4 protein chains.
Amino acid sequence: MSSGRDNILLAAEELFGANGFDRISVRDISEAAGVNKALIFYHFGSKDELFKTVLLKYFNDHHIALEAAWSASGDIYERLHRVIDAYIDFMVEHHAWPRLVQQISSTQHKDFVPIVQEGLLPLVRWAEASLSEVADETGPRSAYHLFETVAGAVLHHFTHAPVLAPIWDQTPLAPHVIAERRAHLHWLVDVILDALDKPYEPYEKSDSQDS
Amino acid sequence: MSSGRDNILLAAEELFGANGFDRISVRDISEAAGVNKALIFYHFGSKDELFKTVLLKYFNDHHIALEAAWSASGDIYERLHRVIDAYIDFMVEHHAWPRLVQQISSTQHKDFVPIVQEGLLPLVRWAEASLSEVADETGPRSAYHLFETVAGAVLHHFTHAPVLAPIWDQTPLAPHVIAERRAHLHWLVDVILDALDKPYEPYEKSDSQDS
Amino acid sequence: MSSGRDNILLAAEELFGANGFDRISVRDISEAAGVNKALIFYHFGSKDELFKTVLLKYFNDHHIALEAAWSASGDIYERLHRVIDAYIDFMVEHHAWPRLVQQISSTQHKDFVPIVQEGLLPLVRWAEASLSEVADETGPRSAYHLFETVAGAVLHHFTHAPVLAPIWDQTPLAPHVIAERRAHLHWLVDVILDALDKPYEPYEKSDSQDS
Amino acid sequence: MSSGRDNILLAAEELFGANGFDRISVRDISEAAGVNKALIFYHFGSKDELFKTVLLKYFNDHHIALEAAWSASGDIYERLHRVIDAYIDFMVEHHAWPRLVQQISSTQHKDFVPIVQEGLLPLVRWAEASLSEVADETGPRSAYHLFETVAGAVLHHFTHAPVLAPIWDQTPLAPHVIAERRAHLHWLVDVILDALDKPYEPYEKSDSQDS
DNA sequence: TATGAATGAGAGTTCATTCAT
DNA sequence: CATGAATGAACTCTCATTCAT
């Protein structure tokens with residue numbers, strides 16, 4: 001039924017996602033999985049490799065989910081909205097996922113950054129390709145920036161949720177809050193797509209300076 | 001000039017921001033600061049308190065910077081754009097900052113989450129208040145969602161920069177890339193403000209469902 | 001042909017001899033032998049018993065080789081030289097052997113010392129008996145000391161070989177070096193046997209003292 | 001008085017020498033020294049470095065002792081005998097020493113072999129130089145072989161002592177046994193020096209062959 | 001015979017923290 | 001203010017060994 005290996009992976013996902021790679025010991029995972037500590041090393045070789053296994057599994061599922069949403073029928077408008085939904089659905093189902101990636105990006109853990117880079121690469125390339133119809137080729141409205149903005153808008157909700165929960169007087173992961181966020185993001189995409197039809201008018205009057 | 005205490009704070013900022021609280025030892029900091037390890041405990045009492053000191057200092061500076069941008073003269077349009085610039089400027093100057101907050105939100109470190117919450121509270125309240133003129137009172141276009149989206153769009157660039165650098169063929173922290181990102185964000189704010197003038201038309205046809 | 005049991009014994013001899021009992025794990029041996037780790041316990045019961053099996057096999061072969069050299073025809077002079085050759089030949093063929101014994105004597109591993117003692121006992125007794133014609137009965141030229149000296153002179157070359165290789169500009173196990181060492185040892189035995197014919201004249205003038 | 005560092009070094013010498021590097025844990029040493037385990041890492045950084053420290057200290061003392069014996073007045077005959085005495089005296093005083101070296105040579109522990117090589121180099125070079133008057137330049141009676149033989153004859157007694165004790169009916173480290181061994185070694189040196197005066201007559205009749 | 005999965009004990013090492021000076 | 005020495009707790013990882021199959 002529940003093999004030792006699978007129990008370990010499940011416990012690792014949960015604990016790493018909720019507390020961070022560095023704050024979870026192998027002992028914690030073995031206890032949560034109900035197995036001997038040494039079994040983790042038997043199956044995965046090291047704590048690092050266990051973490052990488054979790055990461056790769058997520059990246060794989062993630063990629064499959066977005067790909068499916070994009071490749072189904074419809075015009076670019078429909079497809080983009082479908083991808084937004086798939087993206088949100090994935091976060092809802094795998095609440096540990098955005099936090100795992102954020103742990104790595106915020107600590108630049110050198111053993112894991114390459115894994116994230118490899119995992120994100122196809123997603124980024126896909127975004128560039130699929131936005132090419134609507135985005136400018138370069139400049140402030142290029143696929144590069146559009147992707148970053150939408151991804152940030154989606155991710156931010158899920159990664160900051162537990163921190164912001166007591167500030168907003170409701171938990172950001174409650175179904176009705178998610179639904180409202182989903183509506184916001186669809187609205188945002190519409191707004192952006194509409195604006196891309198019009199010529200780019202740079203903002204003026206700003207007197208700030210870089211660095 | 002460079003007192004022990006200040007050296008410690010500087011080293012802690014740098015190291016914590018670049019590598020994460022859990023991956024930096026008191027020894028690392030003491031060596032980077034050129035002081036004895038025990039001195040850190042003399043001045044700050046514990047590693048936790050040192051980290052809190054760094055956090056609070058940042059929150060304070062951050063708050064002051066945004067407040068100054070907002071309170072200066074101009075209509076809401078001008079002021080919002082000025083805040084965007086101030087926000088970006090702060091990230092450019094304190095590259096460790098967004099990563100520190102992200103470390104805490106992604107690991108939910110229970111000793112530090114309250115600090116982040118206290119630090120973010122005035123910012124969030126201020127955003128709600130200042131957006132009240134243009135935002136809906138509730139729903140997908142409320143101040144709540146607008147703030148989250150713009151904050152995510154700004155932060156995402158800086159927190160993911162080192163991870164994405166090799167994927168984009170340029171470093172996201174290079175001045176000209178920052179300048180382009182800045183232009184994008186101003187454009188985004190313009191687009192959003194324009195759209196808020198029009199009545200809300202929800203996106204239809206989506207067949208996705210919440211978890 | 002190559003049964004699991006034999007593969008294990010061969011791998012164990014090689015690895016234990018080259019690296020030491022404590023530095024070789026059961027896993028190392030099972031991998032080198034190409035068998036499952038548990039099979040070693042099935043055949044030998046424990047790591048200790050496996051080591052003992054290797055030791056006993058060597059002692060047996062060793063004893064047979066020396067015995068054969070000694071019992072063949074000839075006067076004591078001829079026979080001693082033949083034993084020297086057999087001794088050297090055995091070391092050349094079983095380069096792991098002297099190191100195994102040395103590991104035990106230098107670490108006094110209490111589980112294995114008795115095995116070595118039992119294994120050496122007949123050799124020592126035989127040496128006493130066979131040297132009785134030429135050696136003094138007691139004192140500095142007794143069989144006791146002669147045996148120790150010659151054994152040390154032979155063994156030392158083989159046990160220190162890998163350490164001294166880069167110091168001498170040649171490897172001590174190269175055939176021509178072995179041949180020269182062999183000649184030296186025969187010369188040494190001649191010199192000692194000659195001297196034993198003359199009355200013992202103790203060395204004088206030494207002003208050293210025991211501890 | 002007895003600083004933590006010195007206690008650790010003394011305990012390490014004793015335990016490593018008696019039981020072998022691999023059979024002694026850091027915990028064993030810390031308990032024998034009456035200090036906390038972590039203090040060993042504070043002072044020496046690692047178990048390996050602690051062992052190296054012990055080795056280097058011994059090599060230094062050893063070198064000094066032999067050098068003093070050799071450089072004092074007298075002809076080569078007197079000086080060689082004095083070195084033999086110094087060599088034996090050193091073993092008597094530091095009974096752990098020959099076993100430490102033998103552990104390394106018999107296990108070829110790759111981190112320590114270089115240390116032994118560096119430590120032995122000057123001793124070997126010195127032996128070559130000092131024996132140049134009496135030894136052949138090459139061949140079976142070269143300084144190379146003479147050194148190896150005498151060193152083996154001396155060392156063998158001390159390294160095999162505990163193993164052979166129950167075989168001989170007396171302990172090889174008892175003062176009167178040491179005294180007898182000392183007499184034997186002086187006799188051996190005399191015999192060898194005398195023989196070197198005569199031309200070399202190779203042993204014949206041997207029908208053995210190199211592997 | 002042979003194996004993959006599992007385990008308890010213990011290894012070396014790091015860490016935040018304390019304290020006498 | 002500042003330090004070197006010292007410590008208890010916890011960490012990742014390895015090991016010999018067992019057992020169901």
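Keep in mind that what you see is a predicted model, and the values were worked out from it rather than measured. Lettering of chains follows the sequences in order, A, B, ..., and the numbering in each one begins at 1.
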Student: Taking the cut-offs as 6.0 angstrom to the six-membered ring centre and 45 degrees off its axis, would you call D:Lys47 and D:Phe21 a cation-pi pair?
Tutor: yes
Student: With respect to the phosphate group of F:dA6, does any side-chain polar atom (N or O) of D:Asn36 fall under 4.0 Å of OP1 or OP2?
Tutor: no
Student: Could you state the atom-to-atom distance from NZ of A:Lys37 to C1' of E:dA5 in whole Å?
Tutor: 18 Å
Student: Rounded to the nearest 0.5 Å, how far apart are CG of D:Asp111 and CG of D:Asp48?
Tutor: 5.0 Å
Student: With nearest nucleotides of DNA chain E determined for B:Gly45 and C:Gly34 from heavy-atom distances, which residue corresponds to the more 5′ nucleotide?
Tutor: C:Gly34
Student: Respond yes when some side-chain nitrogen or oxygen of A:His43 is under 4.0 Å from OP1 or OP2 of E:dG4, and no when none is.
Tutor: no
Student: Rounded to the nearest 0.5 Å, what's the gap from CG on B:Leu9 to NE2 on B:His43? Could you check?
Tutor: 9.5 Å
Student: Send over the distance from A:Arg27 CZ to F:dA9 P, rounded to a whole Å.
Tutor: 13 Å
Student: Less than 4.5 Å apart, any side-chain heavy atom of A:Leu50 and any of A:Val26?
Tutor: no
Student: Tell me: CZ of D:Arg23 to C1' of E:dG12, nearest whole Å?
Tutor: 17 Å
Student: Could you give the CG-to-C1' distance, from D:Asp48 to E:dA11, as a whole number of Å?
Tutor: 13 Å
Student: Does B:Tyr42 have a side-chain nitrogen or oxygen under 4.0 Å from the phosphate oxygens OP1 or OP2 of F:dA2?
Tutor: no
Student: Nearest-nucleotide wise, let me know which of C:Leu39 and A:Ala38 is further upstream toward the 5' end of DNA chain E.
Tutor: C:Leu39
Student: Expressed in angstrom and rounded to an integer, what is the separation of D:Phe41 atom CZ from E:dT13 atom C1'?
Tutor: 5 Å
Student: How long is the line joining CD1 of B:Ile40 and C1' of E:dT18, in whole Å?
Tutor: 15 Å
Student: Over how many whole Å does the gap from A:Ile8 atom CD1 to E:dA5 atom P extend?
Tutor: 11 Å
Student: Please state the C1' separation for the pair E:dT1 and F:dT21 - nearest whole angstrom.
Tutor: 13 Å
Student: Tell me which one of B:Gln102, B:Glu13, B:His62 satisfies side-chain contact (heavy atoms from CB on, under 4.5 Å) with B:Trp97.
Tutor: B:His62
Student: Between B:Val35 and D:Gly4, which has a closest nucleotide on DNA chain F that is more 5'?
Tutor: B:Val35
Student: In this structure, which stretches of DNA chain E are paired as stems of three or more consecutive Watson-Crick or G-U pairs, both distances less than 3.5 Å?
Tutor: E:2-21 with F:2-21
Student: Nearest 0.5 Å please: distance from the CZ atom of A:Arg23 over to the CG atom of A:Asp28.
Tutor: 10.5 Å
Student: In whole angstroms, how far is the P atom of E:dG12 from the CG atom of D:Leu50?
Tutor: 11 Å
Student: Less than 4.5 Å apart, side chain to side chain, heavy atoms only: is that true for A:Arg5 and A:Phe44?
Tutor: yes
Student: Checking contacts here: which listed nucleotide (F:dC19, E:dT18, F:dT12) is nearest the side-chain heavy atoms of A:Val26?
Tutor: F:dT12
Student: Using a heavy-atom distance cut-off of less than 4.0 Å, which residues of residues 10-21 of chain D contact DNA chain F?
Tutor: none
Student: Between E:dT17 and B:Lys47, counting only base atoms on the nucleotide and side-chain atoms on the residue, is there a donor-acceptor pair under 3.5 Å?
Tutor: no
Student: Does E:dA16 have OP1 or OP2 under 4.0 Å away from a side-chain N or O of B:Ser46?
Tutor: no
Student: Think B:Ser25 has a side-chain N or O under 4.0 angstrom from the OP1 or OP2 of E:dT14?
Tutor: no
Student: Under 4.0 angstrom, heavy atoms only, what part of the nucleic acid is B:Ile24 near: base, sugar-phosphate, or nothing?
Tutor: sugar-phosphate
Student: Rounded to the nearest 0.5 Å, how far does CD1 of B:Ile8 lie from CD1 of B:Ile29?
Tutor: 9.0 Å
Student: Would you call C:Thr53 and C:Lys57 a side-chain contact if the rule is heavy atoms closer than 4.5 Å?
Tutor: no
Student: Do A:His94 and A:Arg99 come close enough that some side-chain heavy atom pair is under 4.5 Å?
Tutor: no
